[in-house]
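Order of listing sets the numbers, starting from 1, for every ligand and every atom in it.
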Amino acid sequence: MDHVVYQSTRSSGIPITASQAILRGLADDSGLYVPDHIPSLDIPFETLAGMSYQETALEVMRRLLSDYTEDELADCIAKAYDCKFDTEVIAPLVYADNAYYLELFHGKTIAFKDMALSILPHLMIAAARKNHDDREIVILTATSGDTGKAALAGFADVPGTKIIVFYPKDGVSPIQKRQMVTQTGENTCVIGIEGNFDDAQTGVKQIFTDPAMREKLDAHGCRFSSANSINIGRLVPQIVYYVYAYAKLVEHGRIQAGEPVNFAVPTGNFGNILAAFYASRMGIPVHRLLCASNTNRVLYDFFATGTYDRRRPFVVTSSPSMDILVSSNLERLIYHITGENPEQNASYMRALREQGAYTITPAMRERLSLFRGGYATEEETSEEIHALYEETGYVIDPHTAVASSVYRRYRKETGDETPTVIASTASPFKFESTVMHALGRETDMDDLALADELSRLAGVPVPEAVSSLRGARIRHTRVCGRDEMAGEVCRFLGLG
Ligand SMILES: *Cc1c(COP(=O)(O)O)cnc(C)c1O
């Protein structure tokens with residue numbers, strides 16, 4: 001099989017292997033690792049149609065993570081996609097009102113981050129072993145809510161790893177906070193900080209890049225690593241479910257093998273939709289990729305005008321995981337549409353950093369023809385949840401509703417009847433207050449009572465991730481100031 005290697009989006013240095021890219025996360029020049037070419041899936045759709053999620057994962061991952069053996073990948077996949085998911089099919093498709101909702105929230109923390117974060121720890125451990133690095137891996141993460149819990153759940157009790165998560169003490173939802181402070185696992189550490197998400201993020205970056213800290217860690221037999229969404233160890237596992245969704249539509253006779261589909265994706269950091277783009281480059285027939293934004297519609301404007309401009313107010317919305325003005329993974333797409341030109345990409349990224357904006361060339365815009373941008377306002381998002389429920393009884397979360405609303409408008413405006421899959425990125429139970437409000441129901445009760453009400457309305461049981469919070473023991477109570485983060489890391493790791 002052809003061998004895929006990885007290089008930075010910002011300079012043409014010596015390429016590295018997939019396992020090295022997973023260990024490093026970010027390139028030294030601050031670029032993102034990209035595959036030197038996208039391998040073709042070259043398996044008949046009829047064959048793919050008969051495969052389980054795990055089998056599909058193996059076929060996709062062995063082509064992109066070339067230096068892992070099949071045994072290593074099969075082992076990682078078996079450990080990741082097991083009974084932690086509450087359904088054997090891992091990512092079910094639900095048909096409602098002319099669209100297929102691809103439910104990516106059946107993992108431990110009921111958001112789609114689980115799809116990648118349940119396998120990343122195993123890919124990292126295998127990568128360390130392959131590269132003869134026997135230091136303990138210490139994951140350091142700042143979170144605004146979803147990523148922290150999914151990373152904790154993924155790394156908890158994985159031998160050879162420790163994980164430390166910092167969250168803004170007063171900046172996450174009550175359920176999100178409760179999910180984190182009750183996290184079990186001897187190797188986990190959760191700390192609230194007196195500050196906002198940016199403070200947490202800045203503090204983590206400082207610890208990462210502090211040479212003295214690195215030396216201390218090294219002497220102690222540890223190394224830092226990162227679980228954030230720019231790691232290709234998160235991107236590659238996300239390609240799997242697009243291939244799988246397509247194959248299941250074929251299997252169930254909803255489409256002919258080879259017939260194109262659309263994917264509509266609620267987008268923040270651009271990781272999820274980029275995985276759909278890679279799936280299409282591997283051979284999945286795609287007519288359109290609908291990139292759905294909320295009121296922070298920087299990506300919509302980019303696809304409409306060719307100018308990416310982050311100079312605008314940041315708006316807090318009901319789909320907080322999409323409240324983002326700098327979508328880091330877009331850099332990989334920009335790199336590809338320059339014709340894989342790292343210097344040109346680097347100059348756009350410099351402009352973004354220094355001036356807050358950049359404009360791509362007309363030739364580059366032509367290479368974006370697969371994409372359509374769209375956005376939904378807060379009102380449209382709420383209406384979408386309400387209308388879909390009234391028509392079909394199916395309840396979706398606010399992030400999914402953004403994509404669903406964008407898709408409905410697109411279909412009406414273009415008349416495009418291509419079968420469409422909407423990435424459903426969170427369980428409605430994770431954002432139950434917003435959802436119940438959209439449904440016009442009473443919300444003045446505690447989280448757990450609200451979950452019971454939602455369960456009754458939607459006709460689905462309260463997910464384990466929520467019900468297990470009842471009476472769960474609080475295990476993490478530490479809070480620190482912004483300049484005490486390094487000290488907390490040393491304390492947890494037992495460094496002098
Ligand atoms: C992270 C997240 C998104 C955004 O995904 P990106 O890969 O960052 O574009 C959308 N919805 C939910 C629920 C999320 O947690």
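Formation of a donor-acceptor pair under 3.5 Å by the Asp323 side chain with backbone atoms of Thr317 is found in this model.
For Asp397, there are no salt bridge (charged side-chain N to carboxylate O under 4.0 Å, His left out) partners, not counting sequence neighbours. In this structure Phe429 satisfies the ring pair (Phe, Tyr, Trp, His ring centres under 6.0 Å) test with no other residue, sequence neighbours excluded.
Asn262 and His287 form no side-chain donor-acceptor contact under 3.5 Å, judged by distance and modelled atom types alone.
Sorted by chain and number, the residues within 4.0 Å of ligand 1 by heavy atom are Phe112, Lys113, Asp146, Pro266, Thr267, Gly268, Asn269, Phe270, Gly271, Asn272, Ser321, Met322, His399, Thr425, Ala426.
Test Glu413, Glu384, Glu383, Glu380 against Arg408 for salt bridge (Lys or Arg N to Asp or Glu O under 4.0 Å) and you get one pass: Glu384.
Among residues at least two apart or in separate chains, ring pair (Phe, Tyr, Trp, His ring centres under 6.0 Å) pairs with a member in residues 377-404 are Tyr101-Tyr394, His399-Phe431.
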